[in-house]
Participant: 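Here you go, one structure.
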Amino acid sequence: MTETVTENPQNQIPTPDPALKTLEPLVGTWEMTGKDLNSGDPLGGRLAFEWMEGGFFLVQHHEMDHGHGTMKGVEYIGYEAETQALRSRYFDSTGNAFTYTWKLQDGDLSIWFGDEGSPPASPARSARTAPPSRAAGPGRAAATRPR
């Protein structure tokens, strides 16, 4: 019996969408300082961005210290073909679970709750100097890479 091999897109090895590479400037470890916009309480913490093996997801781990203790969280950022957008799923140690849309263009990072154009999760910031954080709810924080 002779076996015929045909091209089958389902058997091809997938590759990450090129849009994910726009997030490359975020990779690394960041120290954060800031304040909660509601209470004015000081905030501090750490962010670490790394690529998941395979390159389909950028993973953010965070630890945020604030007046109520330390909160930890993880976020998985990937490309969603249906919406043609960078979407994330965020989970933290206080039980929060959120979906965000990310866009990094010309050095400016914007993150929205839900779809692009929805209320912003955080004011846009330059990804070259400071990725935004939602770790303590509505707040502002500055992030720098430790030397």
Side-chain angles (χ1 to χ4, degrees), residues 7-39 41-147:
E7 287 188 20
N8 182 348
Q10 288 119 0
N11 289 332
Q12 292 181 359
I13 297 173
T15 57
D17 191 273
L20 286 162
K21 285 298 184 189
T22 64
L23 300 177
E24 184 66 31
L26 299 175
V27 173
T29 302
W30 302 79
E31 295 291 327
M32 296 185 48
T33 59
K35 67 177 184 172
D36 186 296
L37 290 179
N38 293 324
S39 68
D41 291 341
L43 305 172
R46 290 142 301 284
L47 293 173
F49 289 89
E50 64 184 351
W51 290 108
M52 178 183 278
E53 188 173 333
F56 287 91
F57 296 95
L58 182 64
V59 182
Q60 175 194 168
H61 294 273
H62 81 79
E63 188 173 305
M64 181 62 68
D65 303 316
H66 54 85
H68 306 291
T70 300
M71 181 173 50
K72 295 181 180 183
V74 64
E75 185 166 16
Y76 295 89
I77 309 157
Y79 181 77
E80 188 175 83
E82 302 83 49
T83 61
Q84 298 184 343
L86 295 170
R87 299 294 295 256
S88 72
R89 305 302 186 267
Y90 169 84
F91 309 93
D92 69 31
S93 59
T94 63
N96 289 312
F98 301 115
T99 299
Y100 295 102
T101 298
W102 289 60
K103 186 175 186 179
L104 181 57
Q105 187 172 9
D106 299 325
D108 291 324
L109 177 62
S110 299
I111 302 173
W112 295 271
F113 289 114
D115 296 323
E116 183 175 343
S118 299
S122 179
R125 289 180 172 73
S126 171
R128 293 184 197 115
T129 58
S133 169
R134 297 162 309 286
R140 294 184 188 262
T144 57
R145 290 185 195 262
R147 293 182 192 260

Participant: Would you say the side-chain atoms of Thr99 pair up with the backbone N or O of Gly114, donor to acceptor, closer than 3.5 Å?
Facilitator: no
Participant: Do the ring planes of Phe98 and Tyr90 sit parallel (below 30°), tilted (30 to 60°) or perpendicular (above 60°)?
Facilitator: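 Parallel: the ring planes of Phe98 and Tyr90 meet at under 30°.
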Participant: Enter the distance from Arg46:CZ to Thr70:OG1 here, rounded to the nearest 0.5 Å.
Facilitator: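 That separation rounds to 7.0 Å.
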Participant: CD1/Ile111 to CG/Leu104 distance, rounded to the nearest 0.5 angstrom?
Facilitator: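 If we round to the nearest 0.5 Å, Ile111:CD1 and Leu104:CG are 9.5 Å apart.
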Participant: With a 4.5 Å cut-off on side-chain heavy atoms, are Tyr100 and Trp112 touching?
Facilitator: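 No, too far: nothing below the 4.5 Å cut-off.
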Participant: If I take atom OH from residue Tyr79 and atom NZ from residue Lys21, how far apart are they, to the nearest 0.5 angstrom?
Facilitator: 16.0 Å
Participant: Could you tell me whether the side chain of Pro16 reaches within less than 4.5 Å of the side chain of Trp51, counting heavy atoms only?
Facilitator: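 Not touching, per the 4.5 Å side-chain cut-off.
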Participant: For the residue pair Pro25 and Trp30, what are the closest heavy atoms and their distance?
Facilitator: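 Closest pair (atom of Pro25, atom of Trp30, distance): O-CZ2, 3.8 Å.
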Participant: Contact between Val59 and Val74 at the side-chain level, heavy atoms closer than 4.5 Å - yes or no?
Facilitator: yes
Participant: Looking at Phe91 and Ala97, what are the two nearest heavy atoms and their distance?
Facilitator: CD2-CB, 3.8 Å
Participant: Is the shortest side-chain N to carboxylate O distance from Glu80 to Arg89 below 4.0 Å?
Facilitator: yes
Participant: Report the C-alpha separation of Ser88 and Glu75 in whole Å, then their side-chain angles, then the decisive distance to 0.1 Å, and conclude whether the side-chain hydrogen bond (donor to acceptor under 3.5 Å, both in side chains) test is met.
Facilitator: CA-CA 6 Å; Ser88 72; Glu75 185 166 16; 2.6 Å; yes
Participant: About how many Å separate CZ of Phe49 and CG of Leu23, when rounded to the nearest 0.5 Å?
Facilitator: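 These two atoms lie 8.5 Å from each other.
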Participant: With the threshold set at 4.0 Å, does a side-chain nitrogen-carboxylate oxygen contact exist between Lys103 and Asp108?
Facilitator: no
Participant: Roughly how far, to the nearest 0.5 Å, is the CG atom of Leu58 from the CG atom of Leu86?
Facilitator: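 Those atoms lie 9.5 Å apart.
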Participant: CG/Asp92 to NE2/His62 distance, rounded to the nearest 0.5 angstrom?
Facilitator: 5.5 Å
Participant: Show, in sequence, the C-alpha distance, side-chain angles and deciding distance for Ile77 and Leu26, and conclude whether the side-chain contact (heavy atoms from CB on, under 4.5 Å) test is met.
Facilitator: CA-CA 12 Å; Ile77 309 157; Leu26 299 175; 5.7 Å; no
Participant: Do Met64 and Leu47 make a side-chain contact, defined as non-hydrogen atoms from C-beta onward lying under 4.5 Å apart?
Facilitator: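 Counting from C-beta outward, Met64 and Leu47 never come under 4.5 Å.
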